[in-house]
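Everything below concerns the one structure shown next.
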Amino acid sequence: MSDNTKYVFVTGGVTSSLGKGIIAASLAKLLQAQGYKTTIQKLDPYINVDPGTLNPYEHGECYVTDDGAETDLDLGHYERFLNVPTSQANNVTTGRIYQSVIEKERRGEFLGKTVQVIPHITDEIKNRIQILGNSGDYDIVITEIGGTVGDIESLPYIEAVRQLKWEFGEQNAIVVHLTLIPYLSAAGELKTKPTQHSVKTLMESGVQADVLVCRTEHELSDKIKVKLARFCNVQKEAVIQSIDASTIYDVPILMLEEGLDSVVLGKLGLTSRTPDLESWNEFISRLKNPKNEITIGLIGKYVELQDSYKSILESFIHAGAANEVKVNVEAIHSEYLNKENIKLKLSHLDGVLVAPGFGERGTEGKIEAVKYVREQKIPFLGICLGMQMAVIEFARNILRLKGANSTEMESNVPYPEIDLMEQQKSVTHKGGTMRLGSWSCTLKEGSIAEKVYGKTKITERHRHRYEYNNAFKDQIEAAGMIATGLNPETGLVEIIEIEDHPWFVGVQYHPEYKSTVSSPHPLFVDFVRAAFEYSKLKNSVSMA
Ligand code: GLN
């Protein structure tokens, strides 16, 4: 252990989906705002090596870091709250732990010993927990343990926490346990029993919770806090209420009011200071007091599940606050869009975002949507697959290249406007093999992109296998769709814009991964501005 790094473990009890990620991020925010260098790490108990191979229906969006790690969406919250980039070290799964233990075994590193969950798997978990702490970059590392205590697959993690608490000693490692206090309307009462049980389950594994964060729909009375403290072996001040909030961005403020930061710092033997939350509070006040309102259509094939497009939705919240505009995002399922209903579905919108995605399902609806917004001059942002759809639509309807498509959708396509990258052709393994992570891009002077970013050199994060096919570039540009962002080394097209359109931008990368509260993404900010301009124009025309 590095001499001065302190560790906070966040576990969850009673049920999943209590928002451990938001509590961890909120605590980290409060500690950061007091001058403590803080980072957060997520340990996921499933066997996938990373979430990259998981369908969004399973686990929501896959979040990508600068170093190209495909990670849990909670890392997105960490970055959005802290404005500090995360990396591969911030997300570890059971699959990755086992993979590295098995690789060590194959290399003979265990010298003939029987390889077992304890100590080998738990040692690997402990090492991963300490990588960030040992880097010397942080005063406090918050480690969120995925899943719920009592799950079979969480046991090695809880055991690793138990061992580390002993090794680090008091004031160096504590456990914050997040639980639910359900309200039984028939009895008219909040119930503490499920929390008592989940704290006991943790104790069966030898881990005593130091702080309880209690999710609740109703205020916790003093009586309930005393009861929880008594039954769960914690101080009354360490029973923290976490009442439902109207936005996740309120949670740090609510936790501050409840004193979560000072209880944690006290237990770690660190001093509490007054947190500097001025810019955070300014953001919240802009978010809650919008002067105008717009509606953006989010066109995708996983729209029934909010978590699938988490970073996009959050980016709109940041960009809306920056513009003092409330952005209503209307989820539109691309599979059900066609020539006949497109006007009905899109004509009321002030802007349209065509979402990233994989596979053929819903792509024809996305192409139909691009055609409509291109012709109607509605502001358009296409991200990754959304940008690829814009190129295909342009080829089909402007260049009249009938049957133009991506080779992802059709292998024998007559006009492969989007094609597999050369390096991808020999790839057979699925995990971690796409074009991933941060790549640089040079912007064309005078383009919307250059105006928006205010510079000509940028880096953005990628996650895709297919690319704009440069064989068609001259023809496409001559017809008015300009490649305004290029990878300086490879010449790959990263951004397209249509000259004869007020705001039509497609990006091969994912800007949504880099939008944070203190640094809203410029593309989203300008897209929202353009959509608001368009809504004013639309209203003035309809009034005339
Ligand atoms: N399926 C496309 C590709 O692999 C787009 C990926 C994405 O939208 N993230 O290139």
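On a predicted model such as this, the values are computed, not experimentally measured, just so you know. Counting convention: from 1, in listed order, for ligands and their atoms alike.
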Is there any protein N/O under 3.5 Å from an N/O of ligand 1, and what does the full list of such pairs look like?
unit_1   : atom_1 : unit_2 : atom_2 : d
ligand 1 : 1 (N)  : Gly357 : O      : 2.9
ligand 1 : 1 (N)  : Glu408 : OE1    : 2.7
ligand 1 : 1 (N)  : Glu408 : OE2    : 3.0
ligand 1 : 4 (O)  : Arg465 : N      : 3.0
ligand 1 : 8 (O)  : Gly357 : N      : 2.9
ligand 1 : 8 (O)  : Gly357 : O      : 3.4
ligand 1 : 8 (O)  : Leu385 : N      : 3.0
ligand 1 : 9 (N)  : Arg463 : O      : 2.9
ligand 1 : 9 (N)  : His510 : NE2    : 3.3
ligand 1 : 10 (O) : Gln388 : NE2    : 3.1
ligand 1 : 10 (O) : Arg465 : N      : 3.3
ligand 1 : 10 (O) : Tyr466 : N      : 2.8

**Request:** Verify the neighbour count for atom CZ of Arg107: are there more than 12 heavy atoms of other residues, nucleotides or ligands below 6.0 Å?
**Result:** yes
**SB check Arg435 Glu467 (cutoff 4.0 Å)** = yes
**Message:** Does Lys345, at its NZ atom, have more than 12 non-hydrogen atoms belonging to other residues, nucleotides or ligands within less than 6.0 Å?
**Reply:** no
**Prompt:** Considering residues at least two apart in sequence or located in another chain, which fulfil the side chain to side chain donor-acceptor pair (under 3.5 Å) criterion with Ser315?
**Reply:** none
**Message:** If only side-chain N and O atoms count, and only distance matters, is there a donor-acceptor pair under 3.5 Å linking Thr94 with Tyr157?
**Reply:** yes
**Request:** Give the C-alpha distance, both sets of side-chain angles, the deciding distance and a yes or no for salt bridge (Lys or Arg N to Asp or Glu O under 4.0 Å) between Glu124 and Lys104.
**Result:** CA-CA 11 Å; Glu124 185 67 30; Lys104 280 185 195 157; 2.8 Å; yes
